[in-house]
Structure formats: C-alpha cells, structure tokens
Asker: 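Right, I'll just put the structure down here and ask away after.
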Amino acid sequence: VGIGETEYWRWGKATKREFALAIEAIQKAVADAGLKIEDVDGFAPGDRVGSVSAPGAYASHRVIPARPAVRIPDDISSEDAAATLMKGFTACYLAEETAALAPGQSALVHSAAGGVGSILVPWLRDKGGIVIAHAGSPQKAARVPADHSLSGDFSGLSEQVRALTGGRGVDVVYDGVGKDSWNASL
C-alpha cells in the first residue's frame with residue numbers, strides 16, 4: 001500500500017490507515033466470486049495488478065474492476081509500484097489527456113524532480129516534446145532528463161524560458177506548484 005505523504009498532510013484529519021485504504025493497492029489478480037479472469041483482456045491468473053480504487057487495500061483478496069487496473073511488470077517490485085502508481089496515473093493523465101504534447105511542441109514542467117515530474121518529463125520527451133524542467137535547486141534540476149533544466153525561485157523564470165524558446169514561450173505548462181508559480185507560468 002502506498003501513501004502519498006503530501007496528500008496525507010493536506011488531509012490533516014485522516015489517519016494513515018484511513019488514507020491508505022483510499023489509495024494505491026498492489027495485489028494478486030484472483031479468480032474469485034465466480035469471476036473468470038481469463039475473460040478479462042490483458043490479465044491472467046496470478047498477475048500482479050495495481051489499482052487506485054478504494055477501499056480494501058489491506059485485504060488479502062478483493063474484487064476490482066478491470067478497467068482501472070494495470071498489470072505490474074515482473075521487473076518492478078511491489079514496493080516501487082505502490083510508491084509510484086498514483087504518480088504514474090497522474091503523469092499519464094497529464095501527458096495524454098489534459099494537454100497532449102505533440103512532437104516538436106514545448107512544455108515547462110514545474111516540480112520536475114518530484115514524484116509526478118520525474119515520470120512526466122521522460123514521458124513527454126518520449127512523445128517528441130521539448131521539455132524545460134524547473135526544480136527548486138540546481139542539484140534537483142541536474143537529475144532531471146530534460147532538454148533544458150532550470151532551478152531556483154520563480155522570479156526571472158519566464159525570462160529564462162523565453163530566452164530558451166526564442167521569445168515564444170511554451171505550448172503548455174504542467175504546474176504541480178500552484179499559486180507561487182502562477183505568474184511565471186503565464
């Protein structure tokens with residue numbers, strides 16, 4: 001079971017157990033309650049699957065809909081899957097549905113060294129996008145596999161981005177920060 005620390009603290013009133021029941025579970029796919037797992041495309045008996053549906057993450061067995069479930073590849077540990085599943089779903093949603101970056105288009109990704117950003121940046125680059133990553137420190141920015149990595153506060157960030165894009169700016173901004181980055185993002 002993975003618990004997103006930031007979300008846990010935002011909720012404030014939730015206990016770790018209450019919150020854990022609501023998110024990220026990694027379990028064995030089971031043919032239980034008369035279900036035939038063979039009839040579900042993409043899954044086989046014994047597959048490890050991940051889901052962000054709730055509740056029941058602590059149960060030894062549970063029935064979940066196939067549509068929001070994903071198969072966990074054998075080379076990814078259950079611990080890594082639990083820690084990154086929600087972040088991966090978020091990166092997928094941003095890259096494929098919210099603002100699908102086309103090859104050659106440019107994006108600014110705030111918090112690029114964080115959980116979602118560290119998945120989103122390479123995803124966008126794999127799609128052929130030109131990625132400008134922004135992180136809070138030079139050390140964090142250096143770890144991001146972007147076309148351009150910037151760091152520091154938001155004062156002067158828009159000028160740095162315009163310098164990198166020949167004054168044009170970017171096609172999309174993926175902003176995991178919010179209020180503090182709003183003006184720089186525009």
Side-chain angles (χ1 to χ4, degrees), residues 1-101 107 109-127 131 133-137 139-146 174-178:
V1 174
I3 298 175
E5 182 178 351
T6 303
E7 290 84 358
Y8 170 74
W9 288 112
R10 281 185 191 155
W11 282 30
K13 296 179 182 176
T15 67
K16 285 187 178 185
R17 179 173 167 78
E18 288 168 338
F19 188 73
L21 289 174
I23 65 168
E24 305 177 29
I26 307 300
Q27 299 179 322
K28 292 280 188 183
V30 295
D32 197 11
L35 299 176
K36 293 183 180 178
I37 193 81
E38 295 85 0
D39 295 335
V40 180
D41 289 337
F43 298 102
D47 281 351
R48 291 180 314 131
V49 298
S51 172
V52 292
S53 60
Y58 283 112
S60 63
H61 294 79
R62 70 189 247 209
V63 177
I64 59 173
R67 188 167 189 274
V70 294
R71 195 180 73 71
I72 306 300
D74 292 338
D75 60 339
I76 296 178
S77 72
S78 293
E79 293 80 9
D80 286 345
T84 60
L85 188 63
M86 188 65 179
K87 296 165 187 73
F89 279 153
T90 302
C92 176
Y93 174 72
L94 292 171
E96 301 297 333
E97 296 181 34
T98 301
L101 200 66
V109 179
H110 291 299
S111 299
V116 172
S118 63
I119 298 170
L120 181 59
V121 168
W123 193 311
L124 296 172
R125 291 194 71 210
D126 283 348
K127 290 176 58 106
V131 180
H134 181 250
S137 71
Q139 295 81 7
K140 289 179 180 178
R143 294 192 316 250
V144 181
Y174 297 96
D175 186 352
V177 177

Asker: OG1/Thr90 to CD1/Ile119 distance, rounded to the nearest 0.5 angstrom?
Answerer: 8.5 Å

Asker: How long is the straight-line distance from CG of Leu94 back to CH2 of Trp123, given to the nearest 0.5 Å?
Answerer: 10.0 Å

Asker: Could you tell me whether a side-chain N or O of Ser77 sits under 3.5 Å from a main-chain N or O of Asp80, the two making a donor and an acceptor?
Answerer: yes

Asker: Would you give the length of the straight line joining atom NZ of Lys140 to atom OG of Ser118, rounded to the nearest 0.5 angstrom?
Answerer: 11.5 Å

Asker: Quick one: CG on Leu120 to NE2 on His110, what's the gap to the nearest 0.5 Å?
Answerer: 12.0 Å

Asker: Quick one: pull up CZ in Arg48 and CG in Asp74 and give me the separation to the nearest 0.5 Å.
Answerer: 6.5 Å

Asker: Considering all heavy atoms of both residues, which atom of Val49 and which atom of Ile72 are nearest to each other, and what is their separation?
Answerer: C-CG1, 3.8 Å

Asker: List the steps and the verdict of side-chain contact (heavy atoms from CB on, under 4.5 Å) for Leu124 and Tyr174.
Answerer: CA-CA 11 Å; Leu124 296 172; Tyr174 297 96; 3.6 Å; yes

Asker: Work out which heavy atom in Ala113 is nearest to a heavy atom in Ala135; give both atom names and the distance.
Answerer: CB-CB, 4.2 Å

Asker: Could you report the tightest heavy-atom contact between Val121 and Pro145, atom names first, then the distance?
Answerer: CG1-O, 3.7 Å

Asker: Any chance you could measure Asp126, atom CG, to Leu101, atom CG, to the nearest 0.5 Å?
Answerer: 12.0 Å

